[in-house]
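Since the structure comes first, as structure tokens, the remarks are kept for the end.
For clarity, every value in this text was computed on a predicted model and none was experimentally measured. Chain letters run A, B, ... following the sequence lines, proteins first, then strands; residues in each count from 1.
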2 protein chains.
Amino acid sequence: MQKVSDWTIHRLSSYHRLLSEFANEGKEYISSHELAQRAGATPAQVRRDLSCFGTFGTKGKGYLVADLISKITSILGIDRDWRVALVGAGRLGSALFSYKEFRKRNFHIVAVFDSDRHKVGKHWADVQIDHPDDMKSIVRQRKVDIGVIAVPADTAQSVANAMVDAGIKAILNFAHRKLFVPDGVTLRNVNMAMELETLSYVMTKNRTRR
Amino acid sequence: MQKVSDWTIHRLSSYHRLLSEFANEGKEYISSHELAQRAGATPAQVRRDLSCFGTFGTKGKGYLVADLISKITSILGIDRDWRVALVGAGRLGSALFSYKEFRKRNFHIVAVFDSDRHKVGKHWADVQIDHPDDMKSIVRQRKVDIGVIAVPADTAQSVANAMVDAGIKAILNFAHRKLFVPDGVTLRNVNMAMELETLSYVMTKNRTRR
DNA sequence: CGCAGTACGTGAATCTTTTCACAACCCAGT
DNA sequence: ACTGGGTTGTGAAAAGATTCACGTACTGCG
Ligand SMILES: NC(=O)c1ccc[n+]([C@@H]2O[C@H](COP(=O)([O-])OP(=O)(O)OC[C@H]3O[C@@H](n4cnc5c(N)ncnc54)[C@H](O)[C@@H]3O)[C@@H](O)[C@H]2O)c1
Ligand SMILES: NC(=O)c1ccc[n+]([C@@H]2O[C@H](COP(=O)([O-])OP(=O)(O)OC[C@H]3O[C@@H](n4cnc5c(N)ncnc54)[C@H](O)[C@@H]3O)[C@@H](O)[C@H]2O)c1
């Protein structure tokens with residue numbers, strides 16, 4: 001199998017969401033053109049992205065919506081439950097915990113950790129907040145697949161290390177810091193500050209030019 | 001001036017943060033090699049990124065840390081205050097509002113909007129929550145530069161339209177939906193769901209292969 | 001001063017991603 | 001069965017981003 005770029009995966013993710021909309025609208029077939037339009041991509045790109053994983057369309061007709069949804073679902077691996085551990089029960093952590101899209105997409109937060117002794121022992125819904133020292137055993141017990149980091153930047157790397165040590169193979173990081181993880185562990189970042197600075201850059205550039 | 005890619009800007013943003021660390025450590029000069037190492041990039045990339053904007057280094061010596069910080073600060077346009085309007089005073093909105101990094105980086109939330117009549121009129125710190133109907137006049141009055149969207153996905157596009165209508169030229173969107181804005185308005189997205197699905201994809205792929 | 005060492009800046013090469021463009025194919029209507 | 005309109009899947013070209021590699025220029029030291 002060829003290498004598939006991250007961007008293709010990101011786009012598949014948006015195709016997936018859009019296809020659900022099309023399904024709700026009662027559409028049976030959809031062309032690469034229509035899908036591209038709503039996704040803000042080009043038809044060629046849609047076809048190329050899909051062709052990385054097989055041939056799903058019917059020439060002259062387009063893609064069968066229901067079929068394509070289930071194909072992408074299985075490519076992305078979101079046809080199963082994923083068990084998530086959240087580290088950092090602060091403001092962002094609490095927003096994430098109560099974020100319903102999570103659950104809807106089969107990502108279940110099964111453990112919450114915080115180093116603050118005042119928070120340890122409390123319950124969020126049916127999940128008890130535990131101390132990071134117990135991460136290893138709890139991660140194993142609850143079969144955690146994914147770790148989410150929502151702690152201050154300067155402790156993020158040590159949390160990542162603890163996650164790796166506990167056997168977690170996939171980490172989503174919200175802290176504004178570059179983290180390093182060993183091969184075999186996948187790390188993704190969500191980085192608001194960078195996006196804000198991109199906005200700032202574009203506005204500044206336009207101002208000085210015009 | 002040549003076109004500069006988004007990735008260069010993202011990297012400049014991380015160089016900027018790392019340079020502050022180096023400054024704190026008391027380092028006076030830094031080489032592209034050292035910077036690259038901490039940034040998880042290559043020395044050539046660091047030099048190429050910087051060279052888009054001028055020549056800041058000293059051959060044989062490296063870059064003067066303090067100087068480079070101020071150069072990047074001015075390139076990114078973060079040497080001034082930016083005035084931000086937050087739309088959606090929900091869980092994410094409240095996390096964002098109380099996020100201190102914001103203020104530290106000179107991004108000030110000067111207006112908050114929510115369509116929920118129970119929330120309108122309340123105060124968050126010294127900012128009153130207003131109704132989106134008043135967006136246009138308030139945005140003008142308070143000289144808002146940047147709009148942040150933290151409303152449910154299905155109202156995000158209409159909020160974006162209102163922002164554009166109010167004269168906002170830069171939007172940061174947290175809703176999991178592709179938004180369309182006219183030319184001249186810059187849109188950036190922060191998309192957690194996509195990153196989660198990327199993790200899911202990678203784990204699924206590895207599982208089926210090994 | 002002159003020389004050895006170091007690290008920048010950048011043209012050229014390489015690698016990656018996107019776009020183009022068209023053969024192959026399906027379907028509906030006659 | 002044939003035709004015309006429409007859409008896929010994919011080589012090949014184009015565009016874009018990264019890496020290489022080297023000329024150049026500065027530093028520090030004797
Ligand atoms: N608040 C936001 O809107 C926002 C947005 C984007 C990114 N972030 C990032 O998310 C992270 C958390 O932000 P926040 O606003 O929720 O901060 P916060 O201070 O509200 O919460 C951080 C929590 O982490 C806990 N913690 C600290 N060290 C820990 C450790 N070693 N192990 C476990 N728990 C630990 C603290 O006790 C606290 O409860 C930061 O890195 C921030 O940059 C926040
Ligand atoms: N909660 C999270 O951790 C999280 C993480 C990532 C992305 N998001 C996204 O952020 C958005 C908000 O999430 P949330 O969890 O804060 O939801 P929420 O329901 O807690 O808050 C949404 C707020 O938006 C307000 N609102 C609705 N329509 C509005 C309109 N037209 N104008 C102004 N205000 C309006 C509601 O009154 C509510 O207060 C969603 O799109 C979600 O996908 C949330």
Between the side chains of B/Arg177 and A/Glu21, is the shortest nitrogen-to-carboxylate-oxygen separation below 4.0 Å, so that they form an ion pair?
yes
By side chain to side chain donor-acceptor pair (under 3.5 Å), A/Lys59 pairs with (sequence neighbours left out) none
Heavy-atom contacts, protein to nucleotides 23-30 of chain D, under 4.0 Å, summarised as B (base), S (sugar-phosphate only) or - (none) per nt, yield BBBBSS--
When rounded to whole Å, the CG to P distance for the pair A/Leu64 and C/dC27 reads 12 Å
Q.
Does A/Thr8 form a side-chain hydrogen bond (donor to acceptor under 3.5 Å, both in side chains) with A/Asp49? I'd like the steps, not just the answer.
A. CA-CA 6 Å; A/Thr8 292; A/Asp49 286 340; 3.2 Å; yes
Please list each protein N or O that sits under 3.5 Å from an N or O in nucleotides 15-21 of chain C, with the distance.
unit_1: C/dT18; atom_1: OP1; unit_2: A/Arg11; atom_2: NH1; d: 3.0
unit_1: C/dT18; atom_1: OP2; unit_2: A/Arg11; atom_2: NH2; d: 3.0
unit_1: C/dT18; atom_1: OP2; unit_2: A/Gln45; atom_2: NE2; d: 3.3
unit_1: C/dT18; atom_1: O5'; unit_2: A/Gln45; atom_2: NE2; d: 3.3
unit_1: C/dT19; atom_1: OP2; unit_2: A/Thr42; atom_2: OG1; d: 3.4
unit_1: C/dT19; atom_1: O4; unit_2: A/Arg48; atom_2: NE; d: 3.3
unit_1: C/dT19; atom_1: O4; unit_2: A/Arg48; atom_2: NH2; d: 2.8
unit_1: C/dA21; atom_1: N6; unit_2: A/Arg47; atom_2: NH2; d: 3.3

In short, side-chain hydrogen bond (donor to acceptor under 3.5 Å, both in side chains) pairs touching residues 151-163 of chain A with sequence neighbours left out are A/Gln157-A/Asn161
Side-chain heavy atoms of A/Arg11 within contact of A/Arg48, under 4.5 Å | no
Is there a side-chain contact between B/Ser32 and the phosphate of C/dC8, meaning an N or O under 4.0 Å from OP1 or OP2? yes
From CG of B/Leu50 across to C1' of D/dT19 the rounded distance in Å is 16 Å
By ring-ring contact (aromatic ring centres under 6.0 Å, His included), A/Phe174 pairs with (sequence neighbours left out) none
B/Phe53 atom CZ is separated from C/dG9 atom P, nearest whole Å, by 14 Å
Expected list for residues 142-153 of chain B: side-chain donor-acceptor pairs under 3.5 angstrom, two or more places apart:
unit_1: B/Arg142; atom_1: NH1; unit_2: B/Val110; atom_2: O; d: 2.9
unit_1: B/Asp145; atom_1: OD2; unit_2: B/Arg80; atom_2: NH2; d: 3.3
unit_1: B/Asp145; atom_1: OD2; unit_2: B/Arg83; atom_2: N; d: 2.8

Checklist line | Check against salt bridge (charged side-chain N to carboxylate O under 4.0 Å, His left out), A/Arg38 and A/Glu25 | finding: CA-CA 14 Å; A/Arg38 283 229 210 160; A/Glu25 290 168 19; 2.8 Å; yes
A/Phe56 CZ to D/dG9 P, in whole Å, measures 9 Å
Tell me whether the side-chain N/O atoms of A/Tyr63 come closer than 4.0 Å to OP1 or OP2 in D/dG9.
yes
*asked:* Using 30° and 60° as the class boundaries, would you call the ring planes of A/Trp82 and A/Phe107 parallel, tilted or perpendicular?
replied: parallel
Whole-Å distance, B/Ile30 CD1 to C/dC8 C1', equals 14 Å
B/Ile9 atom CD1 is separated from D/dG16 atom C1', nearest whole Å, by 16 Å
Between NE2 of B/His33 and C1' of D/dT19 the distance, given in whole Å, is 15 Å
